[in-house]
Amino acid sequence: MDDIQHGTGTDVDGDKDAAVLQGYAQGDPAAARLLALHLTPRIYGHAMRVLGDSAEAEDVTQEALLRLWRIAPEWRRGEAKVTTWLYRVVANLCTDRLRKRVTLPLEDVAEPADPAASVEDRLQNAARMDALQLALNTLPDRQRQAIVLRHIDGLANPEIADILEVGVEAVESLTARGKRALAVALAGQREALGYADEKNG
């Protein structure tokens, strides 16, 4: 089961996730650790991009995994991908938190530094990530979810439709409107993004 950590996001990978989850439900002590190692970076990254807050993203990730462990005994293989179910839970938890917010704190947003990059490159990358996060935070919740799932997490529209519980056409509309809104929001951030000398386009 060690190869679960090196999945490609395909249906085969989804079958492995379901098999490991089933192993956990049957008392395999290593299964939870393997599945958590495989899934945590993906769902934490999604929550972080949607919420823009590392502490909240960690809380959402932990809660989503706890829910997965709780439903493990009733999981029926073949009915849904584990990742799709988990992304849906994370999306709903993020939406709940966003609705309770008054302001969106950005001070804690941080990206891990690449030790191989120069100081200038790290600063430029941090500026770009901050600008992207600021722009994402301006989007309506559903557009933000769709943009992160499609263009950051790299999921296909049908899976995003399952996660957000909408039709594929609705996903296409959300991502299209989100991309247009991002372009507008980032138009004033060209210097931070390192594109100050480039022409618009």
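Atom set for the values below is all heavy atoms of this structure, side chains included, hydrogens, waters and symmetry mates excluded.
Side chains of Arg177 and Ser173: a donor on one and an acceptor on the other come within 3.5 Å. A donor atom on one side chain and an acceptor atom on the other are not found under 3.5 Å apart for Asp141 and Gln145.
Leu149 and Leu139 fall into different hydrophobic clusters, defined by Ile, Leu, Val, Met, Phe, Trp and Tyr side-chain heavy atoms under 4.5 Å apart, directly or through other members. Under a hydrophobic clustering in which Ile, Leu, Val, Met, Phe, Trp and Tyr are joined whenever their side-chain heavy atoms come within less than 4.5 Å, directly or via other members, Ile160 and Val89 fall into different clusters. Transitive grouping of hydrophobic side chains (ILVMFWY, heavy atoms separated by less than 4.5 Å) keeps Val50 and Ile163 in distinct clusters. Cluster membership check: Leu174 does not share its hydrophobic cluster with Ile152, using side-chain heavy-atom separations under 4.5 Å among Ile, Leu, Val, Met, Phe, Trp and Tyr. Cluster annotation: Val60 is connected to Ile71 through the hydrophobic network of ILVMFWY side chains, with a link wherever side-chain heavy atoms come within less than 4.5 Å.
In this structure a side-chain-to-backbone donor-acceptor pair under 3.5 Å is missing from Asp153 to Leu155. For the pair Arg49 (side chain) and Val148 (backbone), a donor-acceptor distance under 3.5 Å is absent. Between the side chain of Arg142 and the backbone N or O of Leu164, at least one donor-acceptor pair lies under 3.5 Å.
Among residues two or more places apart in sequence or in another chain, the side chain to side chain donor-acceptor pair (under 3.5 Å) test is passed with Thr40 by none. Take Glu63 and apply the salt bridge (charged side-chain N to carboxylate O under 4.0 Å, His left out) test, not counting sequence neighbours, and it matches Arg67, Arg70. Taking the ring-ring contact (aromatic ring centres under 6.0 Å, His included) definition, one finds that Tyr44 meets it with nothing, sequence neighbours left out. Applying the side chain to side chain contact (heavy atoms under 4.5 Å, CB included) criterion to Asp162, with sequence neighbours excluded, gives Thr84, Arg88.
One finds the OG1 atom of Thr61 at 9.5 Å from the CG atom of Leu93 (value rounded to the nearest 0.5 Å). Atom CZ of Arg150 sits about 8.5 Å away from atom NZ of Lys179, to the nearest 0.5 Å. Here the CG-CG distance, from Leu65 to Leu35, works out to 8.0 Å after rounding to the nearest 0.5 Å. Rounding to the nearest 0.5 angstrom, the gap separating the CG atom in Leu136 from the CG atom in Leu51 is 11.5 Å. Asp17 CG to Lys81 NZ: the interatomic distance, rounded to the nearest 0.5 Å, is 8.0 Å.
Applying the ring-ring contact (aromatic ring centres under 6.0 Å, His included) definition to pairs two or more places apart or across chains, those involving residues 45-65 are His46-Tyr87. Screening residues 135-164 for ring-ring contact (aromatic ring centres under 6.0 Å, His included) gives no qualifying pairs among residues at least two apart or on separate chains.
Contact between Ala135 and Ala185 at its shortest, heavy atoms only, is CB-CB, 3.9 Å. Ala36 and Pro41 get closest at one heavy-atom pair: O-CD, 4.1 Å.
Trp69 and Tyr24 have tilted rings, their planes meeting at an angle from 30° to 60° on a 0 to 90° scale.
More than 12 non-hydrogen atoms from other residues, nucleotides or ligands lie less than 6.0 angstrom from CD of Glu74.
In this structure, Arg144 and Thr138 have side chains that are not in contact, with every pair of non-hydrogen atoms separated by 4.5 Å or more. The closest side-chain heavy-atom distance from Cys94 to Arg97 is not below 4.5 Å.
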Point to revise | Criterion side chain to side chain contact (heavy atoms under 4.5 Å, CB included) on Arg99 and Thr95, from CA distance to verdict | key: CA-CA 6 Å; Arg99 285 174 179 165; Thr95 297; 3.5 Å; yes
